[in-house]
Amino acid sequence: MNSKIKNYVDVLFNNVPMTRKAAELKEEILSTMNEHFDAHIAEGKDENLAYTEALADMGDIDNLLESLAPEKELKTKIEEYRQKKAKSTAIAVMLYIFGVIVQCAPPAICAVFKIGNEDKAGVIGFICMMLFAAVATGLLIYTRMSVPQDVEPYLVKKKESFNTSSPEERKWAAISKIFWLLVTTIYLAISFLTGAWYITWLTWLIASAAWQAIQIFGGAKADDNGAKADANGAE
């Protein structure tokens, strides 16, 4: 198998959801191009010319890729799951935030109004916060595990090396590294300055909720563009 052809086909399918149909088409294109390449080599042509002519022999590959666009019924199913995931994530983020509020409110009320036992209120608040966090986490896990098998390839892209990943993927990878570096720095700074290690760990819960929101709302535009491209291809 020619490595240049393999790299070309890998890049060609880089942003294509790897459904069974897409995998079969990829294998077919790869096999056909290699057959044409070997045939041109057998004719006495050098590798560069054989590679170029093998590409030309394939014609307009874009038309083949357009055939991979989801059917109307599947597009509806994909959109329904995206809406379900967005709602579940929004609810989970709210639960995380409410959990933090519930954890902080009882001790603060006791301290301000001089009523009740502040330590007991803190324990009750902590238990309530963990319940909120458990429900939110369970909701996110359930939503992720309930994605239909025929929808999943259109939502979860395969991991690629840095050289073959799209600019959008590289951008989000860079944002992720910067975000978590800032979170770590803030967490350590607050913890060392206040000595309140017993509560500063909440920074990670808040950061996780914030990152989920950033991915949902920040990535919505990219998803919409992808959906429009699929729709145009199906039409």
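When a residue number appears, it is its place in the shown sequence, counting from 1. Any value given below was found using the heavy atoms of this structure, including those in side chains, with hydrogens, waters and symmetry copies removed.
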> Does any part of the side chain of T52, heavy atoms only, come nearer than 4.5 Å to the side chain of H40, both counted from C-beta?
no
> Is I141 reachable from V135 through a run of I, L, V, M, F, W or Y residues, each pair having side-chain heavy atoms under 4.5 Å apart?
no
> What is the ring orientation for Y8 with Y51, classed by angle as parallel under 30°, tilted 30 to 60°, or perpendicular over 60°?
perpendicular
> Taking the side chain as every heavy atom from C-beta outward, state whether Y81 and K85 have any atom pair closer than 4.5 Å.
yes
> Between A209 and V93, which heavy-atom pair has the shortest distance, and what is it?
O-CG2, 3.6 Å
> Are I5 and L55 co-members of a hydrophobic cluster defined by side-chain heavy atoms under 4.5 Å apart?
yes
> Looking at side-chain heavy atoms only, is the closest gap between E53 and H36 below 4.5 Å?
no
> Do side-chain atoms of T185 reach the backbone of L181 as a donor and acceptor pair under 3.5 angstrom?
yes
> Would a 4.5 Å heavy-atom cut-off, applied to side chains only, mark S208 and W180 as touching?
yes
> Rounded to the nearest 0.5 Å, what separates atom CD1 in I101 from atom CE in M129?
12.5 Å
> To the nearest 0.5 Å, tell me how far I206 CD1 sits from I97 CD1.
8.5 Å
> Determine the minimum heavy-atom distance between T137 and Y96, stating which atoms define it.
OG1-OH, 2.7 Å
> Measure the CD-CE distance between E28 and M33 for me, rounded to the nearest 0.5 Å.
12.5 Å
> Got more than 12 heavy atoms from elsewhere within 6.0 Å of NZ, K120?
no
> Quick one: are N34 and L30 in side-chain contact, heavy atoms under 4.5 Å?
yes
> With sequence neighbours excluded, tell me which residues meet side-chain hydrogen bond (donor to acceptor under 3.5 Å, both in side chains) with T143.
S88
> Taking all heavy atoms of L139 and all of A92, pick out the closest pair and write down the distance.
CD2-N, 4.1 Å
> Got a second to check how far E35's CD is from D57's CG, nearest 0.5 Å?
11.5 Å
> Could you see if V183 belongs to whatever hydrophobic cluster contains L188? Use Ile, Leu, Val, Met, Phe, Trp, Tyr and a side-chain cutoff under 4.5 Å.
yes
> I'd like to check the side-chain hydrogen bond (donor to acceptor under 3.5 Å, both in side chains) partners of K87; sequence neighbours left out, ordered by chain and number.
none
> Do I190 and W204 belong to the same hydrophobic cluster, where Ile, Leu, Val, Met, Phe, Trp and Tyr are linked whenever their side-chain heavy atoms lie under 4.5 Å apart, directly or via other members?
no
> Could you tell me the separation between the CD1 atom of I91 and the CG atom of L140, rounded to the nearest 0.5 Å?
10.0 Å
> Using the side-chain hydrogen bond (donor to acceptor under 3.5 Å, both in side chains) criterion, which residues pair with W211? Sequence neighbours excluded.
Q215
> Are any non-hydrogen side-chain atoms of E47 and I41 less than 4.5 angstrom apart?
yes
> How close do K84 and S146 get, heavy atom to heavy atom, and via which atoms?
NZ-OG, 3.1 Å
> Could you report the tightest heavy-atom contact between P106 and A121, atom names first, then the distance?
CB-O, 3.5 Å
